[in-house]
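Take a look at the structure set out below.
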Number of protein chains: 2
Amino acid sequence: MEMDERKMRILQAIIDDYVLTGVPVGSRTISRKYDMGLSSATIRNEMSDLEELGFLDQPHVSAGRIPSAKAYRLYVDTLLQTGKIRDDNEETIRRHFSGRIHQMEDVIDHAAQVLSTLTRYTAVVLSPKGAQPRLQTVQLVPVSSETALVVIVTDMGVIRDSVIRIGNQMDSDTLYAISRTLTGELRGMTLQEACERMPALISRMYGNDEVLRELYGFLNEGQQSNQRAHMAVGGTSNILAYPEYSDVDKARNFLSLMETRDKLADIIRGNNEMSFTVRIGPETGVPEMVDCSIVTATYSGRGGQQGTIGVIGPTRMRYSSVLSILNMMGRQLTDLLGGEDENK
Amino acid sequence: MEMDERKMRILQAIIDDYVLTGVPVGSRTISRKYDMGLSSATIRNEMSDLEELGFLDQPHVSAGRIPSAKAYRLYVDTLLQTGKIRDDNEETIRRHFSGRIHQMEDVIDHAAQVLSTLTRYTAVVLSPKGAQPRLQTVQLVPVSSETALVVIVTDMGVIRDSVIRIGNQMDSDTLYAISRTLTGELRGMTLQEACERMPALISRMYGNDEVLRELYGFLNEGQQSNQRAHMAVGGTSNILAYPEYSDVDKARNFLSLMETRDKLADIIRGNNEMSFTVRIGPETGVPEMVDCSIVTATYSGRGGQQGTIGVIGPTRMRYSSVLSILNMMGRQLTDLLGGEDENK
DNA sequence: TGTTAGCACTCGATGCCTGTGAGTGCTAAC
DNA sequence: GTTAGCACTCACAGGCATCGAGTGCTAACA
């Protein structure tokens, strides 16, 4: 038995109806609501075929059919191939970013908000993953008589700053002098290289031991924390609006997964760097998400590194709409966060 | 009719049992499980009195009684008066903060995590609210040939930094010179005062118009964003574990409230600055929280400003335990974030 | 040969009834 | 003032009949 064009149309109708209602759809519904010019009996035969082909599931014998993961897969694949990703939300999204937000973390938080509002699903936004940023400037700023702020600028932006303790009291000028020397020594190195270089510097620039030692610790920390990117999650409670999660236990599992940020980041990031990824139900590889789908897209941050945005919803997701929104949002984020390097 | 010591003991037993089980408690249960030396019939009479006094509610005639908000109020008040807030979690909490975390936002995020894990309720941690910080240092750090990072240090710590555009190309030394001048001019001022001073400076230090103008904008922004503090929420899904929220609609309302950060911050912060606040059910003033209680405590940040930590759970909360944990956590945060100024 | 009408059958959902048991309130006796 | 006893209430669970949406199959039709 083969898939033909009519089967395809019927499957499409079933998916449409099921995505809309969330209720198993019967042959009668299809023949009436979507006028195919076919009787329910014929549809029934076709549905039976589709089930045998693995595109439909039947919760129990006297219920209608629901699309299987395989059906969604087929649907999404044709969607992606024919490239029917609309562009019409562009203005909507742009409007949401009208204010003056430049701070990367604010943009990301905001994006997650907007994304979840527009899709009505759960949205996750991951900042670009710092590959191997190279040091550009190291600067110490006095905070109190005993502490100073370290600011490290790399070619990919600013590393999160931190307050370190300085031993003997130093004025602003002394700190600046040290900063200049350090910048001279370390510029162009990756964080890791800088870490390796530090011991040598400590022995050479004696007299400033404490500062340098603290700095060393900071670099080490920064090297690690640099790997775990910033992440924002929006609309976690949206999932509760769908009957798939009216079971409280399921909902709790899902929500607590949303709270374990590390795990969630791994899931969203996935392992491939394609511009769009759609993982349906079991394809997610996450037990808590067997009846969820994850749709992700990438955007370019500064220096062309890839950031990820994703939407998590029930398998019966409005894929087409979600894809188009993700597409637009990705462009918007590339505009706001990356751009510079590519446009010039 | 008056409250006497026996009524008090019975009420206590009822609260204990209800907090434990979440099921309306009957007279028989009390007379058996908590040996009062009284028959169920006597308890029954007393319970009837307690209901008339407004301390007990009866879901329906043949069910047991549940404590009213008034009962919890009484319970919590005596708890607070007799000061029976235990100290035994101290070590547990301290252990959770063993790592090297100094960055304020990390501490806050982490605290919310720990707090929700220990209490099994939802935890909210608010950073100290910036009263009127005074400028200490202004420093510009080169990022690219066209942009620089502004770092502003106040007596209460570092203001979030931001990248601004600089007009004509400037090297590190020029930027440092400008920084020195600015620091000299603005030191000791509040953000607002600094903003007011800027126009005068712009006209005086001509040649650096663009930098100063950008800086002006940044100060203005900072002045506003300084008001809204950092907030971390942990364990939002914990609430789903309690039968009070097995209704999905209720749960969704609650969770979406947890997501609207501004509102949540207002609720947690409340309007008083007491070291402990307990708001029970309707006392919260939030419709979504009629069967929740909010327990908050304050801690001191740098410069003695008040930060707030809070726990949100069902009205039948383990108040005693929560209070003791909040107490310990408050001290810990004061240690980590404030301290300095007070210990010296 | 594909399509359709008809029909028996399945099975979850709904609603009704009933029994059960936890719990109460009241009364009378101690 | 306390307790034993008893009638009463009411949520809840189990059993049962009913309903209806939907299927699969067969036979007739174009």
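The shown structure was predicted, so the numbers you read here are calculated from the model rather than taken from an experiment.
Residue A/H60 has its side chain nearest to C/dG12 when only D/dC10, C/dG12, D/dT3 are considered. Distances from the side chain of B/S27 to the nucleotides C/dT4, C/dT24, C/dG6 place C/dT24 closest.
A/D17 and A/Y34 share a donor-acceptor pair across their side chains, judged by distance under 3.5 Å alone. Checked by atom type, the side-chain pair A/D16/A/Q12 shows a donor-acceptor distance below 3.5 Å.
Counting only residues at least two apart or in different chains, side chain to side chain donor-acceptor pair (under 3.5 Å) contacts with residues 112-123 of chain B comprise B/Y121-B/R318.
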Could you walk me through whether A/L255 and B/T236 satisfy the side chain to side chain contact (heavy atoms under 4.5 Å, CB included) test, starting with their C-alpha distance in whole Å, then the side-chain angles of each, then the deciding distance to 0.1 Å, before giving a yes or no? CA-CA 8 Å; A/L255 287 170; B/T236 42; 5.9 Å; no
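B/S62 has no side-chain polar atom (N or O) that falls below the 4.0 Å cut-off from OP1 or OP2 of D/dA11. For C/dG2, the OP1/OP2 oxygens have no side-chain nitrogen or oxygen of A/T42 closer than 4.0 Å. Taking only side-chain nitrogens and oxygens, B/R65 comes nearer than 4.0 Å to OP1 or OP2 of C/dT24. Note on B/R6: a side-chain N or O is less than 4.0 Å away from OP1 or OP2 of D/dT2.
Among the atoms of the strands shown, none is found under 4.0 Å from any heavy atom of B/S40.
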Encoded 5' to 3' (Watson-Crick or G-U under 3.5 Å; [ ] crossing; | other strand), DNA chain C becomes ||||||||||||||||||||||||||||||
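Place B/P59 and A/P24 on DNA chain D by their nearest nucleotides, and B/P59 ends up nearer the 5' end.
Between the side chain of B/R28 and the base of C/dG23 there is no donor-acceptor pair of N/O atoms closer than 3.5 Å.
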